[in-house]
Amino acid sequence: MSLKPRAAAAESPVSWLAHLAARLPARLRERRLGPRLLTAIVLASTCLALVATAIQLYLDYSRELTEIDAEFRQIESSYLGSLASSLWSFDRTQTQLQIEGLLKLRDVQFAAVRGETGEQFQAGRKSDERSVVREFELRSPKPPHQALGSLTVAIGLQGVYGRLFDRTLVILTTQATKTFFIALLILFIVSRWVTRHLEHMARHARGMSVERLSQPLALPRRPGDEPDELDEVATALNEMSRSLSAELSRRAQADQELKQHRDQLVEAVADLRVAEEKYRSIFENAIEGIFQSTPAGRILTGNPAMARMLGYAEPAELLTIDATDLYVSADDRQRWRTAMEREGSVRDFPLQLRRRDGQVRWVSNSSRVVRGADGQALYYEGTLEDVTERRQAEANAERLIREEAARQQAEAARDEMARLGEMVGLMQACATLDELRAVIAQQLPRLFEGDDGALYLFEPQQRFVAIAAAWGMAPSFADSLTADDCWALRRGRPHLVEHGPDGLRCRHVDRALSNYACLPLIAQGEALGFLHLRCNAGRPIAQRRPYLQTVAENLALGFANVKLREALRHEAIRDPLTGLYNRRFMNETLERACHSATRTGRPLALLLIDIDHFKRLNDSFGHDVGDRVLREVAKSIAARIRSSDLACRFGGEEFLVILPDTALEAARAVAEVLCKGVRELALSDSSRAIGQVTISLGVASFPQHGSDRAVLTRAADAALYQAKGQGRDRVVVATAVS
Ligand SMILES: Nc1nc2c(ncn2[C@@H]2O[C@H](COP(=O)(O)OP(=O)(O)OP(=O)(O)O)[C@@H](O)[C@H]2O)c(=O)[nH]1
């Protein structure tokens with residue numbers, strides 16, 4: 001059996017396919033997406049269609065073969081019996097008819113019966129084309145079923161091939177048509193949905209420039225269209241454009257900055273060259289020596305000034321010497337290195353170096369350590385200045401300063417002593433303690449210029465000292481102190497506290513105060529007070545101790561002298577019995593008062609007072625009682641006059657009161673007051689009452705009753721006489737001088 005395709009029918013599709021296959025690579029290499037896509041679809045679809053058609057043909061072919069087998073079985077079952085009967089009965093006509101009848105079956109081309117006897121019947125003709133031939137054995141219908149011959153049937157495959165070809169043609173046509181339209185549809189869709197936009201993007205991209213980067217890509221969309229991947233691509237492109245634009249701006253700015261930096265760099269390089277030349281010039285021409293040396297003492301660099309300083313002709317010679325040999329003292333080198341290692345640099349470090357010729361020079365060194373990344377000292381660099389002459393000049397200047405200071409100190413001491421002498425002189429001229437205090441208050445600040453201080457003096461009959469004079473920080477001094485507040489008063493010795501926290505401070509000074517002195521004023525064993533001094537000038541107080549003691553002693557002496565003088569003077573001008581001024585002093589004072597009244601024209605009055613019946617009182621009570629009455633009357637008078645008035649004992653039991661700036665009527669009123677005051681004295685002896693003591697007063701006034709002491713006194717005396725005459729215990733005003 002053989003299967004042969006029809007050559008004429010197969011030639012056309014194969015050549016078409018060959019032609020198509022030959023053109024496919026060119027089609028697939030098309031630049032346009034549409035044709036490429038179309039070609040790919042057609043190719044893929046064709047391949048699939050061919051594969052599907054081949055499968056279909058194979059299945060159809062198998063079915064056709066099955067049907068041929070079924071046809072043979074049908075021949076076997078339906079025709080073999082009747083043919084055997086016709087052959088058994090030698091019915092040739094029937095046999096021939098039956099064989100021809102077989103040709104009516106589908107695709108049967110040929111049928112032939114060959115009897116055992118050699119007879120042969122056949123219908124149709126044998127073809128060279130492929131066919132399926134089967135031979136059946138014919139046996140008699142009745143036992144013993146002997147062999148009668150055979151039936152040969154040939155079913156041609158040409159019909160099968162024709163049907164398969166037709167079917168293939170239909171399938172391929174259908175597939176091709178479908179593929180064509182689907183391809184067209186896909187082409188349209190791709191063009192509409194994809195390539196149109198891609199071309200738009202391409203046009204946008206082609207038209208893109210740096211200036212147009214900011215123009216966004218907008219796909220031609222109908223409003224309301226949902227965004228798809230192309231929109232995402234467009235969005236991504238726009239974002240890319242924006243990023244690109246930003247990047248370009250940044251690059252442009254960076255370029256600008258780079259340009260500026262480059263310009264600055266160029267300028268800096270130029271400046272650097274200038275600076276380098278400048279520093280080279282400084283290095284070469286500097287007056288100071290400039291060097292670099294290793295920690296081991298090797299000189300790396302040295303300028304001409306350094307070479308000259310050390311006695312070498314050329315800087316290159318410095319590189320051959322060991323720097324450690326330059327030091328006069330090894331200790332100097334060690335101190336210098338220790339300072340460098342500890343501080344990292346030194347400034348104006350004094351050193352003594354030995355020149356090449358052996359001469360020793362003083363130099364001032366300023367250096368620093370240059371360290372590596374590991375912190376190790378790589379080398380030292382610095383400058384050397386020859387300060388030998390300057391040091392000599394400084395030494396001379398220091399000597400001169402010391403001498404000047406000593407001279408000034410001596411001068412200051414002379415000044416101090418001169419001021420002290422001046423104060424002592426003034427003190428000696430003081431008649432009263434008040435005068436003395438005033439002089440001291442005025443002189444002490446001059447004596448201790450620049451320092452704070454105070455003078456404390458014991459108040460009469462008191463146990464505390466009160467401030468008598470203060471200068472400098474006067475408000476910070478206490479007004480009064482007890483003797484316990486000051487170590488100098490307690491111990492009767494000078495108490496000095498130096499700088500520092502350890503000194504034993506007096507209670508009257510602040511705890512923070514140091515450098516002060518308290519010196520007691522002691523005269524004839526009696527403590528008069530103390531001098532307190534706070535030294536502000538930074539000069540140790542101990543240095544001034546001798547001077548302070550001299551001042552304190554002079555002050556004490558001054559007070560003692562004035563006190564003595566006051567006592568003497570008191571005795572000279574006072575009446576010892578009554579304490580009032582005596583007649584001699586009264587005469588002097590009245591003389592001055594009259595002159596003053598004459599000069600100024602101001603009034604002046606006199607009261608002449610006499611105790612009534614004093615003789616009788618003396619006689620009755622004794623002289624001592626009389627003395628006591630004299631004292632009580634004097635006391636009563638002194639208590640009722642002004643401090644500017646002056647009461648004195650005129651003699652015996654007579655008193656005289658001078659009333660400056662007092663007119664006659666006022667004087668009369670004072671006289672009445674005095675008269676009444678004495679009248680009211682209630683005096684008594686130890687055993688009996690003395691009785692009332694009265695006085696009589698005569699009043700005279702300047703200028704009505706006289707313009708000098710004698711006339712006024714006489715006028716007052718005349719008035720007193722009148723008062724006695726008129727019965728005593730009264731005031732009588734003098735009559736005007738005619
Ligand atoms: N106790 C005492 N008596 C003195 C003192 N000085 C004077 N006399 C006395 O004073 C008396 C003065 O008396 P006279 O001058 O007579 O006056 P008189 O007795 O006060 O009488 P009239 O002045 O007229 O009232 C005399 O007896 C003096 O001795 C004195 O210091 N002490």
Side-chain angles (χ1 to χ4, degrees), residues 13-14 16-60 166-258:
V14 168
W16 178 78
L17 282 172
H19 175 72
L20 187 65
R23 294 200 58 192
L24 264 177
R27 285 274 176 206
L28 286 170
R29 285 197 301 272
E30 276 271 0
R31 291 184 63 201
R32 310 293 293 173
L33 188 59
R36 284 173 68 190
L37 189 64
L38 188 62
T39 306
I41 290 167
V42 168
L43 187 61
S45 178
T46 303
C47 290
L48 286 173
L50 287 174
V51 170
T53 305
I55 293 169
Q56 186 65 45
L57 283 178
Y58 174 75
L59 293 173
D60 287 351
D166 293 344
R167 214 169 289 148
T168 302
L169 212 58
V170 169
I171 290 169
L172 288 177
T173 306
T174 311
Q175 288 292 341
T177 308
K178 189 175 77 184
T179 300
F180 177 71
F181 284 108
I182 287 174
L184 278 182
L185 181 64
I186 289 172
L187 195 60
F188 173 75
I189 289 170
V190 166
S191 166
R192 183 80 191 155
W193 291 0
V194 179
T195 55
R196 181 167 69 107
H197 297 307
L198 289 177
E199 284 168 0
H200 184 81
M201 288 180 194
R203 276 197 303 281
H204 180 82
R206 275 195 293 274
M208 195 173 278
S209 64
V210 176
E211 293 77 26
R212 297 181 61 190
L213 270 177
S214 57
Q215 291 182 7
L217 166 65
L219 296 180
R221 297 286 198 198
R222 284 200 306 269
D225 277 358
E226 285 292 319
D228 58 15
E229 290 86 342
L230 287 170
D231 290 299
E232 287 179 13
V233 171
T235 305
L237 279 173
N238 286 333
E239 284 174 2
M240 190 181 76
S241 294
R242 278 198 296 278
S243 303
L244 205 59
S245 178
E247 181 63 18
L248 284 172
S249 301
R250 198 182 61 73
R251 288 268 173 97
Q253 194 179 347
D255 284 350
Q256 186 67 25
E257 286 173 3
L258 202 64

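Since the model is a prediction, treat every value here as computed from it, not as a measurement.
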- line: d(Arg206 CZ, Glu199 CD) to nearest 0.5 Å is 8.5 Å
- prompt: Can you tell me if Arg196 uses its side chain to pair, donor with acceptor, with the backbone of Arg192 under 3.5 Å?
  reply: yes
Given Asp228, Val233, Leu219, Asp231, the one that forms side chain to side chain contact (heavy atoms under 4.5 Å, CB included) with His197: Leu219
message: I need the Ile189 CD1 to Thr195 OG1 distance, nearest 0.5 Å.
response: 11.5 Å
- request: Could you grab the distance from atom OG1 of Thr53 to atom CD of Gln175, nearest 0.5 Å is fine?
  value: 6.0 Å
query: How long is the span from the CD1 atom in Ile186 to the OG atom in Ser191, to the nearest 0.5 Å?
result: 13.0 Å
task: Evaluate the side-chain proximity of Leu172 to Thr46: yes if any heavy-atom separation is below 4.5 Å, no if none is.
output: no
field: Least distance between heavy atoms, Leu230 atom then Leu198 atom
entry: CD2-CD2, 4.0 Å
- prompt: Taking atom CD of Glu239 and atom CG of Leu244, what is their separation to the nearest 0.5 Å?
  reply: 13.0 Å
pair Thr173-Thr177: side-chain heavy atoms closer than 4.5 Å: yes
- prompt: Looking only at heavy atoms, what is the nearest atom pair of Met201 and Ala234, with distance?
  reply: CE-N, 4.1 Å
field: Residue pair Ser241 / Met208: nearest heavy atoms and the distance that separates them
entry: OG-CE, 3.6 Å
query: When rounded to the nearest 0.5 angstrom, what distance separates CD in Gln253 from CD in Glu257?
result: 5.0 Å
query: Does CZ belonging to Arg251 count more than 12 external heavy atoms closer than 6.0 Å?
result: no
